[in-house]
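Quick note on labels: first sequence line is chain A, next is B, and so on, each numbered from 1. As the structure is a computational prediction, the values presented were derived from the model and not from experiment.
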There are 2 protein chains.
Amino acid sequence: MQQDEKAVSNTERAISELRRLVFSGELAAGSDHLESELAERLGMSRTPIREAARTLESQGLLELRARKGVRILSVSPDDMREIYDVLTELESLAAERAAEKGYSEEQLAYLAEAIEDMDRGLELGELEAWARADDRFHSELVRLGGNSRVIAIVAMLADQVRRARTVTLFMRPVPVQSNRDHQGVYEAIMRGDAQAARNLHRTHRQQARDMILNLLERHRLRQL
Amino acid sequence: MQQDEKAVSNTERAISELRRLVFSGELAAGSDHLESELAERLGMSRTPIREAARTLESQGLLELRARKGVRILSVSPDDMREIYDVLTELESLAAERAAEKGYSEEQLAYLAEAIEDMDRGLELGELEAWARADDRFHSELVRLGGNSRVIAIVAMLADQVRRARTVTLFMRPVPVQSNRDHQGVYEAIMRGDAQAARNLHRTHRQQARDMILNLLERHRLRQL
DNA sequence: GCTGAATTTAGCGCATACGTAAAAAAATGC
DNA sequence: GCATTTTTTTACGTATGCGCTAAATTCAGC
């Protein structure tokens, strides 16, 4: 059976393609790009490029500047602090709400799986695999919280720090504490202890924030 | 001296004009509007209308639907719960951070002024004036928190519930407790007690949320 | 040489046009 | 009459073109 190739608009293609180019670094942070240049690169006219750029602008990935084209935004340590502060609050809320819902073990299976994959990643020393599992844990936690606004906002902010994570991943200490934290949050949700889930996750995120910010400062990284 | 009329683009005009039309109810919640119709109404072509619509779409005010035009989004009680949950977390964070900054009395003057205006609004029974002062208090609090992401997100969500507020304002009990809460938050920020500021504001917001949700349920308001 | 004015150029903001696909209307068959 | 097919219409998605202004360049005067 053939994959039904749904007719996706050029604007949508431009959005996902530009995102990919930004995350892969092919469009470097801080660099400028003319609309016409991007249009040619993606094989379409300026119109869908502009619409895509406006969407990505409101997601905080880039900036439209008159006569200067599109500027890919970089992320400063201050930005990181802001973003981690918001993530701390909203993910803690999600953990609290998830615990209140009384999910069954099956419903939490994907969360448990993410934790296992993180453990395995650590054991094998595969940090990228660990990071991907960590992402899965966080986004699944937020999904379980059930608040669609939180889901959207967290996804947006996670995108903004994605590039930075790639850089810091190999500078940070081996994240054994992180895995223990996640296990604690999972167990709190499992037994329906909303306050514990909230507080555990909150502490976890705050520590992660402080660790990252210290790293950036020690390595004098001002812009990512 | 003449106001220097800065050259504002049609897209920007379309954004603010469409926002105005939505908030005033001239574009009713749930209604559909053709791009060409809106373009004619605002005296411009479809291009800036589409760009504006994309921006407002990402702000959660409306939706672009192929061949159906622009749909103005309505807000359900579930949406209200989601939004108030997020506002609770992010405003509490702002209160905490504001208290940590050790603002002087002058720097908090605008916040104090908003509280005074709320008191005066209550005394004179002018609920709209009270509501405007309440808005000022909340947005100033968030501004004092100093996190630009929080500022943007809270402003966006406040927009989404704006229409609902107009409806509930005259159904709710006289908000005397609300004024007392704000005074408490102000004093906590004043004396630099971050935890108190956070907890007081958190409780305040949670009570406001429960009150509004009860109101909507009692009056069987499913869509605003 | 250097400053400032004049000229050129570049690139966006927007209007416009058109192909296309979905929806509506009309026509056809039973 | 009702269901199905065909035709028509409608409104979006996108390409294209151009005016206008900010930026870059050249030129003039000292």
Side-chain angles (χ1 to χ4, degrees), chain A residues 2-22 26-74, chain B residues 2-22 26-74:
Chain A
Q2 182 182 327
Q3 195 85 324
D4 71 339
E5 41 178 292
K6 68 172 171 192
V8 66
S9 71
N10 276 351
T11 301
E12 286 173 80
R13 285 207 306 109
I15 290 174
S16 54
E17 199 59 13
L18 288 178
R19 284 169 54 90
R20 196 186 62 72
L21 290 171
V22 169
E26 292 178 66
L27 298 180
S31 61
D32 290 335
H33 306 273
L34 296 181
E35 294 176 3
S36 45
E37 170 202 324
L38 294 173
E40 191 168 11
R41 189 161 177 172
L42 302 192
M44 57 185 75
S45 80
R46 277 174 52 224
T47 309
I49 296 289
R50 278 181 64 82
E51 292 206 8
R54 270 208 167 260
T55 298
L56 296 178
E57 180 174 44
S58 69
Q59 315 242 16
L61 283 187
L62 48 82
E63 199 181 14
L64 275 166
R65 300 161 73 232
R67 260 164 292 278
K68 301 264 180 74
V70 166
R71 162 157 300 176
I72 312 302
L73 291 181
S74 56
Chain B
Q2 181 182 327
Q3 195 85 326
D4 71 340
E5 42 177 293
K6 66 171 171 193
V8 68
S9 72
N10 276 353
T11 301
E12 285 173 80
R13 287 207 305 108
I15 290 173
S16 55
E17 199 60 12
L18 289 177
R19 285 170 54 90
R20 196 186 61 73
L21 290 171
V22 169
E26 293 178 66
L27 297 180
S31 61
D32 290 335
H33 306 274
L34 296 182
E35 293 175 4
S36 46
E37 169 202 324
L38 294 173
E40 191 169 10
R41 189 162 178 173
L42 302 193
M44 57 186 73
S45 80
R46 276 175 53 224
T47 310
I49 296 288
R50 278 180 64 82
E51 293 206 9
R54 267 202 171 264
T55 297
L56 296 178
E57 180 174 43
S58 68
Q59 316 242 12
L61 283 187
L62 48 83
E63 200 182 14
L64 275 166
R65 300 162 73 232
R67 259 163 292 278
K68 301 266 179 73
V70 164
R71 163 158 298 177
I72 313 302
L73 292 181
S74 57

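For the pair E51(A) and R54(A), the salt-bridge criterion is not met [side-chain N within less than 4.0 Å of a carboxylate O].
Rounding to the nearest 0.5 angstrom, the gap separating the CG atom in L73(A) from the CD atom in Q59(A) is 12.0 Å. Atom CZ of R67(A) is separated from atom CD of E35(A) by 11.0 Å, given to the nearest 0.5 angstrom. The distance from the CD1 atom of I15(A) to the CG atom of L61(A) is 11.0 Å, given to the nearest 0.5 Å. For the atom pair I72(B) CD1 and E26(B) CD, the distance stands at 11.5 Å (nearest 0.5 Å). The distance from the CG atom of L62(B) to the CG atom of L38(B) is 9.0 Å, given to the nearest 0.5 Å. Here CD1 of I49(A) is found 12.0 Å from CG of L34(A). Values are rounded to the nearest 0.5 Å.
Between A14(A) and M44(A), the closest heavy-atom pair is CB-SD, 3.9 Å. Smallest separation of non-hydrogen atoms from V70(B) and A53(B): CG2-CB, 4.2 Å.
At a threshold of 4.5 Å between non-hydrogen side-chain atoms, the residues R13(B) and L42(B) do not count as touching. The side-chain heavy atoms of R65(A) and D32(A), taken from C-beta on, include a pair separated by under 4.5 Å. In this structure, the side chains of L27(A) and R41(A) come closer than 4.5 Å at one or more pairs of heavy atoms.
Applying a 4.0 Å cut-off to non-hydrogen atoms, none of the residues of residues 27-38 of chain B approaches DNA chain C. Within a heavy-atom distance below 4.0 Å of DNA chain C, the residues of residues 45-53 of chain A found are R46(A), R50(A).
For S31(A), the side-chain hydrogen bond (donor to acceptor under 3.5 Å, both in side chains) criterion is met by H33(A), not counting sequence neighbours.
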Using a cutoff of under 3.5 Å, can you pull out all pairs of nitrogen or oxygen atoms linking the protein to nucleotides 21-26 of chain D, with atom names and distances?
{"unit_1": "dA22(D)", "atom_1": "O4'", "unit_2": "R67(A)", "atom_2": "NE", "d": "3.1"}

Output a table of nitrogen or oxygen pairs between the protein and nucleotides 5-7 of chain D separated by less than 3.5 Å.
none

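Of the possible donor and acceptor atoms, one in the side chain of E57(A) sits under 3.5 Å from a partner among the backbone N and O of L64(A).
More than 12 heavy atoms of other shown residues, nucleotides or ligands fall within 6.0 angstrom of atom CD in E37(A).
Taking a heavy-atom distance under 4.0 Å as the criterion, the stretch of DNA chain C touched by chain A extends 5' to 3' from dG11(C) to dG13(C).
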